[in-house]
Amino acid sequence: MAEKSGGVHFDVVTIFPDVLDQLGNIGVVGKARQTGLIKLRVHDLRDFCGDTHRTVDDAPYGGGPGMVLKAEPFLRVLHHISESQGVPDSVVLLSPQGKTLTHNIAERFAEFRHIVLFCGRYEGVDERVSGVVTEEVSIGDYVLSGGELPAAVVLDAVARQIPGVVGDRESVTADSFVRPMLDFPHYTRPSAVNGLSVPDVLLSGNHEDVRLWRKRQAVKRTLLRRPDLLVDAELDPEEEQILGELAPGKFGSGAKK
Ligand code: ADE
């Protein structure tokens, strides 16, 4: 892997470059680009087809519905990227067959210096592209029409993990999934909306009470919505105690069976 000197350089390969150009200009990714912490180069796969019709796809060998993205344009664009930018640390194919994107993957990608993202399309990508792909990533168990939105999701998730991109570091380290615990509920002004008021403790000014209330709410939510996260979770003593009260004997130290 190349020496890491701050920031991540992405090369995205797609047949819809406009989509990535647009998405790459907004939100956290747009900001990270402005500050130089992310470099984003978008490549049109059609520029690497080698024929005047700019054909990116063809019918599948063996028959069947749909079209398959051809291998050579991907191989050519990777050659071009490697020649002009150096060999990337990782070549990622976005596909529903990949491993599901998690916080840990985003954190690992943020450590890379240079990542190529291949956006798949149609019925799939010629299997011979897999020879140059270092990993396949999915954003969930559903099929989208292509890898452009997943690539934008990866860009956003990785950008958040690059130090300096999100101004308030605490808001990143407190995010759900940094630890296997969902976030606590948030409220802002006004204190009453349609007869619904903010929990008194948040207006109390007592920081310790607020901290404990938030912790309890996070454990409660995780227990209700994502109990799977708690099975192997390393909880701190306060969380252990809260969980013991909410679900006696079910989780926590000595009860993880
Ligand atoms: N391409 C199509 N569906 C996808 C998914 N769920 N994740 C990543 N890439 C995809």
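Note that this is a predicted model, so its numbers are computed, not measured. In listed order, ligands and their atoms are each counted from 1.
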Is the shortest distance from a heavy atom of V137 to ligand 1 less than 4.0 Å? yes
Side-chain donor/acceptor of T55 to backbone N/O of D57, under 3.5 Å: no
Does a donor on one side chain and an acceptor on the other come within less than 3.5 Å for D11 and H9? yes
Determine whether the side chains of R41 and Q85 contain a donor N or O and an acceptor N or O closer than 3.5 Å. yes
Pairs of nitrogen or oxygen atoms closer than 3.5 Å, one from Y142 and one from ligand 1: do any exist? yes
contact_flag G120 ligand 1 heavy-atom lt 4.0 Å: no
D89 side chain to H114 main-chain N or O, any donor-acceptor pair under 3.5 Å? yes
So if I count the atoms of ligand 1 from 1 in the order they appear, which ones are less than 4.0 Å from some heavy atom of G140? 6 (N)
What residue and atom, counting heavy atoms only, is the protein's closest point to atom 7 (N) of ligand 1, and at what distance? I139 N, 2.9 Å
Please report which non-hydrogen protein atom sits nearest to atom 2 (C) of ligand 1, along with the residue it belongs to and the distance in Å to one decimal place. L144 O, 3.2 Å
Student check: side-chain heavy atoms of W213 and P199 closer than 4.5 Å: yes
When you compare ligand 1 with V143, is there at least one nitrogen or oxygen pair between them that comes in under 3.5 angstrom? no
Backbone or side-chain N or O of P150 under 3.5 Å from ligand 1 N or O: no
CA sep, side-chain torsions, deciding dist, call: S90, T134, side-chain hydrogen bond (donor to acceptor under 3.5 Å, both in side chains): CA-CA 6 Å; S90 188; T134 48; 3.0 Å; yes
Atom 9 (N) of ligand 1: which protein heavy atom is closest, and how many Å away? S95 N, 3.2 Å
Between H80 and H43, how do the two ring planes meet: parallel, tilted or perpendicular, split at 30° and 60°? perpendicular
